[in-house]
Amino acid sequence: LTTVERVGHDELVIVVGMLLLLFFVLTGVLCEVLCRRRLLGVDVSSSISAGICFGLSACSARCGMLFYGTEGSLAMISGVLLSIVLTSCGFVAQTRGLKEGRAIVVVTYA
């Protein structure tokens, strides 16, 4: 790819990534709202939230490692720290679902 094509491709990847991030955040917020209104079970809402957190955690760690080559070590450190925070949030959501006494399924796609 030429430099112009590469810049256009990178911008497209960033836009698609931001749209996917927005989708996952809105899905998590919608699950929490439905759970609070008792339209969705706590176990289902927790498993969806945990899956989102675990998937975004893997993606942020991967992106931090990829950006290390172009952006430097600050991008890698921020990606790994974000991954740690998201994994912790995923464990909290998973534990909240397990408090109901049911087994929950956490599905991630990363």
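- At least one side-chain heavy atom of V44 sits under 4.5 Å from a side-chain heavy atom of I48.
- Separating the SG atom in C31 from the CD1 atom in I52 is a distance of 6.0 Å, to the nearest 0.5 Å.
- Expressed to the nearest 0.5 Å, how far SG of C63 lies from CG of L56 amounts to 10.0 Å.
- Using modelled atom types, no side-chain atom of S57 and backbone atom of C53 make a donor-acceptor pair closer than 3.5 Å.
- Hydrophobic clustering, with ILVMFWY side chains joined whenever heavy atoms are under 4.5 angstrom apart, keeps V85 apart from M65.
- Taken together through direct or relayed side-chain contacts under 4.5 Å among Ile, Leu, Val, Met, Phe, Trp and Tyr, V25 and V92 form parts of separate hydrophobic clusters.
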What pairs of donor and acceptor atoms, side-chain ones from residues 74-82 against any protein atom, are under 3.5 angstrom apart with sequence neighbours left out?
residue	atom	partner	partner atom	Å
S78	OG	L74	O	3.1
S78	OG	A75	O	3.0

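- Closest approach of G90 and A50 over heavy atoms only: O-CB, 3.6 Å.
- Taking both residues in full, the closest heavy atoms of F54 and T87 are given as CE2-O, 3.6 Å, listed atom of the first, atom of the second, then distance.
- In this structure, OG1 on T95 lies 8.0 Å from CZ on F91, to the nearest 0.5 angstrom.
- For residues 15-33, the pairs satisfying salt bridge (Lys or Arg N to Asp or Glu O under 4.0 Å) are E32-R96, with sequence neighbours left out.
- The line from OG of S45 to CG of L39 is 11.5 Å long, rounded to the nearest 0.5 Å.
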